[in-house]
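Since we're looking at a predicted model, the values are computed, not measured.
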Amino acid sequence: MMIKKFYILTLSILIGLNTFAQQKRSRHLPAAKTKAEYQLMIENAKKEPIFLGKGATLPSNMRMPGEFEESKAVCISWAYDYDEFYNILGVDTYTTYGWISAQLAHYISEECEVWIRTWEQSDSIKILTFMESLGWPLKNYKFFPKQGDDFWMRDYGPMSFYYGTKDSVGFADMKYYDGRDLDNVFPAYLASKMGYNNYVSTLNAEGGNLMTDGYGKMFFSSVIRTENQAIHSWTAATTFNTMKSIFGTPSLQELPTLTCDGGTGHIDLFTRFIDEETLMVSKLPAEVTASDKQKIEDSYQIMTGLTSTYNRPYTIYRIPHPTGDDGKHDSVTCEQLNNDARNFINGLSVNNSFIFPSYSDEFDGNQKQTDSIVELYKSLMPGYKIIPIDCREMSPMGGAIHCITMQIPADNPIRIWHPKIQVNKVFQNNFKIIAKCENYSGIKTANCIYRKNNEAWQTLNLTDSAGYHIGILTVNGLTSTDFVEYYIAAESNNGKKVTKPTTANADAQGYYRIQFENGTNLNEVLITPKNYLFAAYPNPAHAQLHIPFQLLEKGNITIKITDITGKVLVEQSTNAIAGQQETIFNISGFSNGLYFYTLSLNGEIINTRKFLKQ
């Protein structure tokens, strides 16, 4: 449906694509489980061993890579068309959904292999013929004929991890929606075809609700905890310990579940990692009145109090919310947002490309906003090819690009841990470079490649010191108005070569940049921490109420709980330290009803929020 200016297409293809815009239907299953599927899940819940199937015991040295790391392949399930009774008509090569599948197959195959699930072996011929007709003969592909339920590959597809002495790839296979049993078994099928171990868990969770930095930190929404409590009667500790075991992520961070996002409650509809220390988060506009606006604010203030693998705060950027076709924010209530779960976050990182959902094409929609988001992503992700795909027919189903794709990590990975140079206004020309380059065969060489003001590249050899590769980068003749670009290059003993950033090459020019004078336009979308009052929990509450808050510096705080008349029922003052913390109140003696709690710091009110006593 979407046709961008950089597409090279013939007039006949252009006419054909205009036909896509007229072939619309919404008979796909939604990204969220239906009410019937949720009830079936409750009924089918069994007290099973946590791990089943091939590889009964999980390896102890697991690592789940970040999505921004090198990919060997990306899995998609090609869209199929249905009749009015939801019977399969065949592989989709003429509606909007078939066009989205074609674009994904094309752009993914330019970066790595695209693994395409089809219903029948013969469907591969139809797809290859279709791609030829578009002027995009498919390359770098594998077909996997295995019947399924729908195309939400992120949620039922294989969650890959590395393990063992040679960084073998394995799959963590979670329980998918009951009633979508064909999709649920796809990871096991793929593992058997490709020779991977598949580790099956009864944990109910979907890949779209899991986000990791590649260094043992995982973010997810509270719906994983609440659903496994409802389905399995698991405690929070049981759920979290299971997640730590099957994902190899000892550090877990739960975020509030959105309730106006189309029904999934998945975090990939409002946040994602750019790299291991940089995040992006959706920003709902002032017009929005839905409760998710406050929940997203809560989420990124939680994130501002956390530290990355480099023991320093995350850098977090706000991404604007999509408008309607008329350029206005007309969806403002929870119901309206639920009916069309638009966002620019739900994209796919695949090697040197970022493919993201847009909501316009050359015929209609807010193309001006799409262009502005492309430019924003180019600034946030230097060197990446930024590729928009129109998802206006998909967002009402509760998902977009990320939801229908799943990366398979590269073989023989080289991982480079490197805290990029951060400078302040104090001028300097010496910079300490620290990197930890790892590959199972060992590291042959590690270098810092750098240049000043687009001059010739120079090489600084990094020396091995107790497992870290270090060096002092001295840039002669540097002034406060100059800039330095650099990247880390490593070669393993078995001959593999990588760079960090991955986009550090002559074509992409995605380098780290050191400069002293502010030369960026990103400050306006940068999120900074502030004194903040978070949502109390549980809410509704019965006996105890936890009130979390964040302070930028120590001070005297006062927390008051009042009833709807303004009468103060509880007031507590204390000297508090900086950081995220909470106070617990006993409210067992309160009558059922609505109450308010207020946080003040050094006599100034930070905020007032409400809770329900039941």
Check whether any side-chain N or O of Ser353 sits under 3.5 Å from a backbone N or O of Ser349 as a donor-acceptor pair, and report yes or no. no
Exceeds 12 heavy-atom contacts within 6.0 angstrom, atom NZ of Lys295: yes
Ignoring hydrogens and geometry, is there a side-chain-to-backbone donor-acceptor pair from Arg154 to Ile404 under 3.5 Å? no
Do Lys293 side-chain atoms and Pro285 backbone N/O form a donor-acceptor pair below 3.5 Å? yes
Check: Ser168 side chain, Gly164 main-chain N or O, donor-acceptor pair, under 3.5 Å: no
Side chain to side chain contact (heavy atoms under 4.5 Å, CB included) with Asp261: of Thr257, Leu258, Thr259, only one passes, and it is Leu258
Salt bridge flag under 4.0 Å for residues Asp298 and Arg609: yes
Between Lys72 and Glu113, does any NZ, NE, NH1 or NH2 come within less than 4.0 Å of an OD or OE carboxylate oxygen? no
State yes or no: are the ring centers of Phe534 and Tyr532 separated by less than 6.0 Å? yes
Can a donor-acceptor pair be found, under 3.5 Å and without considering hydrogens, that links the side chain of His232 to the backbone of Thr202? yes
Going by atom types only, do Asn209 and Asp268 share a side-chain donor-acceptor pair under 3.5 Å? no
Between the CG atom in Asn586 and the CG atom in Leu545, the distance rounded to the nearest 0.5 Å is 10.0 Å
Between the side chain of Asp563 and the main-chain N/O of Tyr595, is any donor-acceptor distance below 3.5 Å? no
When you compare the side chains of Thr249 and Arg63, does any donor N or O come within less than 3.5 Å of an acceptor on the partner? no
Around atom CD1 of Ile584, are there more than 12 heavy atoms of other residues, nucleotides or ligands at under 6.0 Å? yes
Nearest 0.5 Å, please: how far is CG in Leu255 from CZ in Phe220? 8.0 Å
Do the ring centers of His28 and Tyr82 come within less than 6.0 Å of each other? yes
Assess the pair Phe161 and Phe247: is the distance between their ring centroids shorter than 6.0 Å? no
Please round to the nearest 0.5 Å and tell me the distance separating atom NZ of Lys560 and atom OG of Ser573. 8.0 Å
For a side-chain hydrogen bond (donor to acceptor under 3.5 Å, both in side chains) check, start with the C-alpha distance between Ser282 and Asn343, then their side-chain angles and the critical distance, and finish with the verdict. CA-CA 7 Å; Ser282 288; Asn343 67 86; 5.2 Å; no
Side chains of Asn61 and Tyr162 only: does a donor on one sit below 3.5 Å from an acceptor on the other? no
Between Lys530 and Glu297, is there a salt bridge with N-O shorter than 4.0 Å? yes
Under 4.5 Å between any side-chain heavy atoms of Met153 and Thr405, yes or no? no
Quick one: OG1 on Thr315 to CG on Leu380, what's the gap to the nearest 0.5 Å? 10.5 Å
Can you tell which of Tyr215, Trp417, Tyr310, Tyr314 makes a side chain to side chain donor-acceptor pair (under 3.5 Å) with Glu276? Tyr310
Side-chain contact, heavy-atom cut-off 4.5 Å: Phe549 with Glu582? no
Keeping the roles fixed (side chain from Asp292, backbone from Cys260), state whether a donor-acceptor pair exists under 3.5 Å. yes
Nearest-0.5 Å distance, OH of residue Tyr537 to NE2 of residue His546: 5.0 Å
Please find out if less than 6.0 Å separates the ring center of Tyr38 from that of Tyr177. no
Give me the atom names and distance for the closest heavy-atom approach of Gln580 to Gly305. NE2-CA, 3.3 Å
Tell me, do Met280 and Thr271 make a side-chain contact under 4.5 Å, heavy atoms counted? no
For the residue pair Arg117 and Phe186, would you count it as a cation-pi contact if the rule is NZ or CZ under 6.0 angstrom from the ring centre and within 45 degrees of the ring axis? yes
OG1 of Thr333 to CD of Glu335, rounded to nearest 0.5 Å, is 5.5 Å
Sub-4.5 Å side-chain heavy-atom contact between Leu599 and Asn607: no
Taking all non-hydrogen atoms of both residues into account, name the closest pair between Leu252 and Met243 and its distance. CD1-CB, 4.2 Å
Hey, are Glu70 and Arg415 close enough for a salt bridge, meaning a charged N less than 4.0 Å from a carboxylate O? no
Using only atom types and a distance under 3.5 Å, with no angle test, would you say the side chain of Glu69 pairs donor to acceptor with the backbone of Pro65? no
Less than 6.0 Å separating the ring centroids of Phe151 and Tyr80? no
Would you check if the side chain of Asn204 reaches a backbone N or O of Asn228 as a donor-acceptor pair within less than 3.5 Å? no
Could you walk me through whether Thr238 and Thr235 pass the side-chain hydrogen bond (donor to acceptor under 3.5 Å, both in side chains) check? CA-CA 5 Å; Thr238 298; Thr235 64; 3.1 Å; yes
Minimum side-chain heavy-atom gap Glu206-Tyr176 below 4.5 Å: yes
